[in-house]
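Along the sequence shown, residues carry numbers from 1. Bear in mind that the values here come from a model prediction, so they are computed numbers and not experimental data.
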Amino acid sequence: MRERPEILHVDLDAFFAAVEQRDKPSLRGRPVVVGGVGGRGVVATASYEARAFGVGSAMPTAEARRRCPHAAFLAGRFTAYRAASRTVMGLLHEVSPLVEAVSLDEAYVDLAPVAADLDVQTVRAVAERLRADVRAATGLTVSVGAATSKLVAKVASDLDKPDGLRVVAPGTEAATLAPLPVRRLPGIGPASEERLARRGVRTVGQLAALGVDDLVELLGQAHGTAVHAASRGLDDRPVVPEREAKSVSAEETYPTDLTDRRVMAEHVRRLADRVAARLVGHGVSGRTVTLKLRRYDFSTLTRSVTLPQPTDAVREIAAVAAQLLEGVDTSGGVRLLGVGVSGLTDFAQQDLFVDLAPDGVDVAEGLGLASTTSAPAAPVAASSPVAASSPAPAVRPVWRPGQDVVHAVHGPGWVWGAGLRRVTVRFEGPRTGPGPVRTFPDDDPDLAPAEPPVWEPVGDPP
């Protein structure tokens, strides 16, 4: 533990959704959900307006639509997110040379090289200036936590979201954590939360009151020891610049062993959803998909497949993991399942989240609009003269809700919705007011995809 609150945790608020609201004036103040827009899609980020209806990251998009049907459901624009992230990370490096980027929207900053005497007031001033610089340069808000450790700084950054700042004074770490629910601590998932609740432990303070032996008995040697330290705010991890993730994974231990293979397959699919969302959040893709399985007798198996190309697509990851599960003996029960992706690269699919739509269904969903697809045509027999002489049908463009476009007459805008061979576009940009809406044939030659608009830090941010 350090003696001064010199570690910052910087977290952009509802990042993907905030970029969409920044660039699309008609969405400001409205619920926005970014992620897979198809029937098997998952939520990557929800705006705070959508979170008020119970929509959250990694939730199936279908469930998000039920909870907030009037939200804007948009596919991701990864190029725009990368550009905003680069700007923010550049500002962090101006504050200190020690910056550990955790994902596109999250980083730790070590202020130790900046000044020899950093008291609470000085750190607060540095963080306030940083928040103002981020807003001026990107039009986005950022929440900052400052503390003597990475763990407490991360928890603190979430206490006053959005657009918040919390500096935890040295010596007050345990008191700051005590009233919080145990899920606020990193490493406490649903299974651990349930075990602790059975012991009447629901807050971090109650957790801290337990002895290390009690926690080891409840959670296991390694996990119990780590949670015991975390509940007291103890964390000696340094800020590591140029942090490079080697893999992205998600796993879950179940209170009772799973015995139904169909239930196991559904859990594997959900884990794949979480891994894909994290890959997108980190701005990476990977080639090797791994399934981890711990059986009833505590024996652990891992199986892997290496793909020809890197992927961040949930459908592909889930399909490979399901295939690996089929080849594993699960008789007797399974107590843990995990899915991971390694062999990471900065390569990211251009059609972010498009593959989350069901097979054979066009993505045709926009701002709360119902998906509209026509029934597939009946197959033509190979011996039919029509089949022999008819040319292949023209491939019609696929427009994704939220996608940047430009029209030869109306200028730049974004796809509001598409379906039934039509595409509806709202013509507006970051520095305009809410713009007009126009509908065109989906193969209109005057309409073309466009690069995201460039945020110009001129005047007051919106």
Side-chain angles (χ1 to χ4, degrees), residues 1-15 18-19 45 81 84-177 180 184-187 204 229-230 232-245 281-283 457 461:
M1 293 289 295
R2 305 193 187 195
E3 297 180 354
R4 298 174 297 174
E6 58 194 21
I7 296 180
L8 305 183
H9 181 258
V10 181
D11 194 4
L12 284 153
D13 300 314
F15 180 46
V19 172
T45 303
Y81 310 148
S85 177
R86 282 195 296 268
T87 299
V88 173
M89 295 302 167
L91 292 172
L92 300 187
H93 279 92
E94 292 179 8
V95 172
S96 171
L98 296 182
V99 176
E100 179 180 338
V102 179
S103 63
L104 286 178
D105 60 343
E106 181 183 0
Y108 293 99
V109 181
D110 191 339
L111 299 180
V114 177
D117 185 16
L118 286 169
D119 57 17
V120 169
Q121 290 74 23
T122 303
V123 171
R124 182 179 296 277
V126 171
E128 288 283 18
R129 178 58 186 269
L130 173 62
R131 293 170 62 243
D133 288 347
V134 168
R135 183 167 176 80
T138 67
L140 304 172
T141 64
V142 64
S143 292
V144 179
T148 56
S149 70
K150 292 171 74 173
L151 182 147
V152 179
K154 180 176 176 62
V155 172
S157 69
D158 195 48
L159 294 180
D160 297 319
K161 270 183 167 288
D163 196 17
L165 169 61
R166 179 70 68 93
V167 181
V168 180
T172 68
E173 294 85 0
T176 300
L177 296 176
L180 303 178
R184 288 292 189 96
L185 288 182
V204 178
R232 291 160 170 76
L234 303 176
D235 178 21
D236 290 328
R237 292 175 300 155
V239 174
V240 182
E242 306 301 330
R243 182 179 184 271
E244 182 178 355
H282 283 273

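Atom CD of Glu128 and atom CG of Asp133 lie 11.5 Å apart (nearest 0.5 Å). To the nearest 0.5 Å, atoms OH (Tyr108) and CG (Leu8) are separated by 11.5 Å. Atom-to-atom distance recorded for Thr45:OG1 and Asp105:CG is 7.0 Å, nearest 0.5 angstrom. One finds the CD atom of Glu106 at 9.5 Å from the CG atom of Leu12 (value rounded to the nearest 0.5 Å). Taken to the nearest 0.5 Å, the CD atom of Glu100 stands 9.5 Å off from the NE2 atom of His9. In this structure, Leu165 CG and Arg131 CZ are separated by 5.5 Å, a value rounded to the nearest 0.5 Å.
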Original post:
Does the salt bridge (Lys or Arg N to Asp or Glu O under 4.0 Å) test come out yes or no for Lys154 and Asp11, once each step is laid out?
Top reply: CA-CA 9 Å; Lys154 180 176 176 62; Asp11 194 4; 5.7 Å; no
**OP:** Could you please spell out the steps behind the side-chain contact (heavy atoms from CB on, under 4.5 Å) verdict for Leu130 and Val134?
**Re:** CA-CA 6 Å; Leu130 173 62; Val134 168; 4.2 Å; yes
**OP:** Start with the C-alpha gap between Val10 and Val109, add the side-chain angles, then the distance that decides, and say whether side-chain contact (heavy atoms from CB on, under 4.5 Å) holds.
**Re:** CA-CA 8 Å; Val10 181; Val109 181; 4.2 Å; yes
**OP:** Carefully, step by step, assess Val155 and Leu177 under the rule side-chain contact (heavy atoms from CB on, under 4.5 Å).
**Re:** CA-CA 8 Å; Val155 172; Leu177 296 176; 3.8 Å; yes
Subject >> Leu185 vs Val204, side-chain contact (heavy atoms from CB on, under 4.5 Å): CA-CA, chis, key distance, verdict >> reply: CA-CA 8 Å; Leu185 288 182; Val204 178; 4.0 Å; yes
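A distance-only check finds no donor-acceptor pair linking the side chain of Ser96 to the backbone of Leu111 [under 3.5 Å]. For the pair Ser157 (side chain) and Gly145 (backbone), a donor-acceptor distance under 3.5 Å is absent. Panel note: side chain Thr172, backbone Ala169; a donor-acceptor pair is recorded below 3.5 Å. Under the 3.5 Å distance criterion, the side-chain polar atoms of Ser143 are matched with a main-chain donor or acceptor of Asp163.
Closest approach of Thr122 to Leu118, counting heavy atoms only: CG2-CD2, 3.7 Å. Taking both residues in full, the closest heavy atoms of Tyr81 and Phe15 are given as O-CZ, 3.4 Å, listed atom of the first, atom of the second, then distance. The heavy-atom pair separating Ile7 from Ala153 by the smallest distance is O-CB, 3.6 Å. Listed here is the closest heavy atom pair of Ala146 and Ala156: N-CB, 4.5 Å.
Checked against Arg2 for a salt bridge (Lys or Arg N to Asp or Glu O under 4.0 Å), the options Asp110, Asp235, Asp236 give a single hit: Asp110.
For the residue pair Thr148 / Glu173, a side-chain donor-acceptor distance below 3.5 Å is found, with atom types taken as modelled. Side chain to side chain, Thr141 and Asp13 meet the donor-acceptor criterion of an N or O pair below 3.5 Å.
With a 6.0 Å radius and a threshold of 12 heavy atoms from other residues, nucleotides or ligands, Arg129 has its CZ atom at or below the threshold.
Arg184 is listed as a side-chain neighbour of Asp158, based on a closest heavy-atom distance under 4.5 Å. At a threshold of 4.5 Å between non-hydrogen side-chain atoms, the residues Pro5 and Pro170 count as touching.
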